[in-house]
Amino acid sequence: MKALILGGDGYLGWPTAMRFASNGYDVSVVDNYLRRDIASETDSSALVETPRLPDRVEIFATHGNSRIRVFEGSCCDWEFIAGVFDDVKPDCVIHFAEQPSAPYSMRGLDEARLTLKNNIDSTFNLIWCVIRFQPECHIIKLGTMGEYGTPNIDIEEGWIDIDHKGRQDRFLFPRQASSLYHTSKILDTDLLWFYARLYGIRVTDLMQGPVYGISTPEADLDERLMPNFHYDDIFGTVVNRFIVQAVAGIPLTVYGAGNQVRGYLNILDTLQCLELAAASPPGQGELRIFNQFTETFSVNELATHIADVATGMGLAVEIAHLENPRQESEGHYYNPAHSGLRELGLQPHPLTDDVIKHFLGWVGENKGNIREERIMPRVTWRNAR
Ligand code: USQ
């Protein structure tokens, strides 16, 4: 099986590339290093610098693994990505090649435009590559739970049956995001559904919650193979940020009341979900949607849990409530379905005390790299430039 990974340099893209190669897939990756460029422009670089793809591939190969093919270029460039597709002819494509930061997308006009253009163009080009070169190719698209927002009803797994004035039909579950980044993912889903209906492409859309963690069996082979670990306000997700803050002695930055609930998962479970999705593709013309998370927590629950474990390790940890830089509901109903991936065989790795301890230990070893000026929110939803 040939797997093509778009956004193969990213926090999730690179660990996925290694996992699929370890599982015997013939893996190719594409990246234009957009996230590295934005991180350096916004002073948000990772805690530990990681090599670029060609070097990572060589390091991975020295551990007895097959060599991953690297294509450096933009998925928004049709000539380039069409050439890659025609060359690789993948059986499945995993699409991570998007600007992934909600705060960045809300920073101002230029950042909003870049997010929209990049995310829509990369998805659109991917769809047309499949239609032109490999119509049976399975597209695995990283969506986000944030597409649904926080409605006052149960969130279904992608679809909802509606009974209206005595007639029934099935529709995409209503979506109402609270950042432009999340809105760009809604537009992606609409494009994929349109082309699944009209051209019969086969798609799995993984509606993922915020991911945490750093350790995977392949990344643990060599520190230079680890995922790019961000803890700043632009690219850092909340659990990763709280771990770094606990190590640095900075009060944990709970935004607003802290009753915002999200569905979270360990990076190990992201990899499992992708493996499971790839192993059982949907039929032609199907848009299959899974809600991809393993546990729900409020921000307050996360902060308290991490603070308790860190305090037990002798760290002095406080929790701060900052004025929320985002516009989001800070107290809401939240009950999303998420049985589909469990039914495929997902074995969750929950956020236990031991997981937090291990994580605090690793960040502690790299404490000298923490730059405190990257912690406080530098973007607000209200003051776009
Ligand atoms: N939060 C804090 N303090 C912080 C950082 C975040 O209270 O220091 C809060 C946020 O306000 C939010 C929650 O924690 O209520 C999650 O924030 P996040 O930064 O971990 O996640 P988010 O910006 O929503 O985006 C991340 C990834 C994105 C992915 C998404 C999944 O960056 O690529 O799509 O998680 S989800 O949130 O389910 O849409």
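Note that ligands are numbered from 1 as they come in the structure, with each ligand's atoms numbered from 1 the same way.
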Strictly by modelled atom types, are His230 and Asp232 linked by a side-chain donor-acceptor pair under 3.5 Å?
-> yes

Which residue and non-hydrogen atom of the protein lie closest to atom 33 (O) of ligand 1, and at what distance in Å?
-> Pro100 O, 2.8 Å

Which atoms of ligand 1 sit under 4.0 Å from any heavy atom of Thr253?
-> 2 (C), 3 (N), 4 (C), 7 (O), 8 (O)

What is the closest protein heavy atom to atom 21 (O) of ligand 1, and at what distance does it sit?
-> Pro210 CG, 4.0 Å

Using only heavy-atom distances, determine whether the side chains of Thr42 and Arg378 contain a donor-acceptor pair under 3.5 Å.
-> no

Of all the atoms in ligand 1, which lie at a distance below 4.0 Å from a heavy atom belonging to Arg241?
-> 4 (C), 5 (C), 8 (O)

N-O pairing of Asp9 and Arg56 below 4.0 Å | yes

Going by atom types only, do Ser215 and Asp220 share a side-chain donor-acceptor pair under 3.5 Å?
-> yes

Any idea which atoms of ligand 1 are less than 4.0 Å away from a heavy-atom of Gly209?
-> 31 (C), 38 (O)

Considering heavy atoms of the protein only, find what lies nearest to atom 17 (O) of ligand 1 and give residue, atom and distance to 0.1 Å.
-> Arg326 NH1, 3.6 Å

Nearest neighbour in protein (non-hydrogen) for atom 27 (C) of ligand 1 = Thr237 CG2, 3.8 Å

Does a donor on one side chain and an acceptor on the other come within less than 3.5 Å for Thr253 and Gln245?
-> yes

Could you label the plane-to-plane angle of the Tyr199 and Tyr195 rings as parallel, tilted or perpendicular, counting under 30° as parallel and over 60° as perpendicular?
-> tilted

Sole residue of Thr270, Asn228, Leu274, Ile5 in side chain to side chain contact (heavy atoms under 4.5 Å, CB included) with Leu12 | Thr270

Taking only residues two or more places apart in sequence, or in another chain, which ones meet Ala97 in a side chain to side chain contact (heavy atoms under 4.5 Å, CB included)?
-> Leu6, Cys75, His95

Could you establish whether Tyr181 and ligand 1 come within less than 4.0 Å of each other, counting only heavy atoms on the residue side?
-> yes

Provide, to 0.1 Å, the distance between atom 1 (N) of ligand 1 and the closest protein heavy atom, together with that atom's residue and name.
-> Tyr255 CD1, 3.5 Å

Taking only heavy atoms of Gly146, which atoms of ligand 1 are found under 4.0 Å from at least one of them?
-> 36 (S), 38 (O), 39 (O)

Could Arg262 and Glu328 be called an ion pair, given the rule that one side-chain N must be under 4.0 Å from one carboxylate O?
-> yes

Ligand 1 to Val238, heavy atom cutoff 4.0 Å, flagged ligand atoms 1 (N), 2 (C), 3 (N), 4 (C), 5 (C), 6 (C), 14 (O), 18 (P), 20 (O)

CA sep, side-chain torsions, deciding dist, call: Tyr148, Phe173, ring pair (Phe, Tyr, Trp, His ring centres under 6.0 Å) | CA-CA 8 Å; Tyr148 301 123; Phe173 192 88; 5.5 Å; yes

Run the salt-bridge test on Asp55 and Arg224 with the 4.0 Å N-O cut-off and return the result as yes or no.
-> no

Atom 39 (O) of ligand 1: the protein heavy-atom neighbour that sits closest, reported with distance to 0.1 Å = Thr144 OG1, 2.5 Å

Quick one: look up the protein heavy atom nearest atom 9 (C) of ligand 1 and list residue, atom name and how far away it is.
-> Val299 CG2, 3.8 Å

Counting heavy atoms only, which of Gln208, His182, His321, Glu330 comes nearest to atom 25 (O) of ligand 1?
-> His182

Among protein heavy atoms, which lies nearest atom 15 (O) of ligand 1, and at what distance?
-> Glu328 OE1, 2.9 Å

Should you measure from each heavy atom of Arg262, which atoms of ligand 1 turn up under 4.0 Å away?
-> 15 (O)

Ligand 1 and Phe242, any nitrogen or oxygen pair closer than 3.5 angstrom?
-> no

Consider every N or O of Tyr264 and every N or O of ligand 1, then say whether any pair is closer than 3.5 Å.
-> no

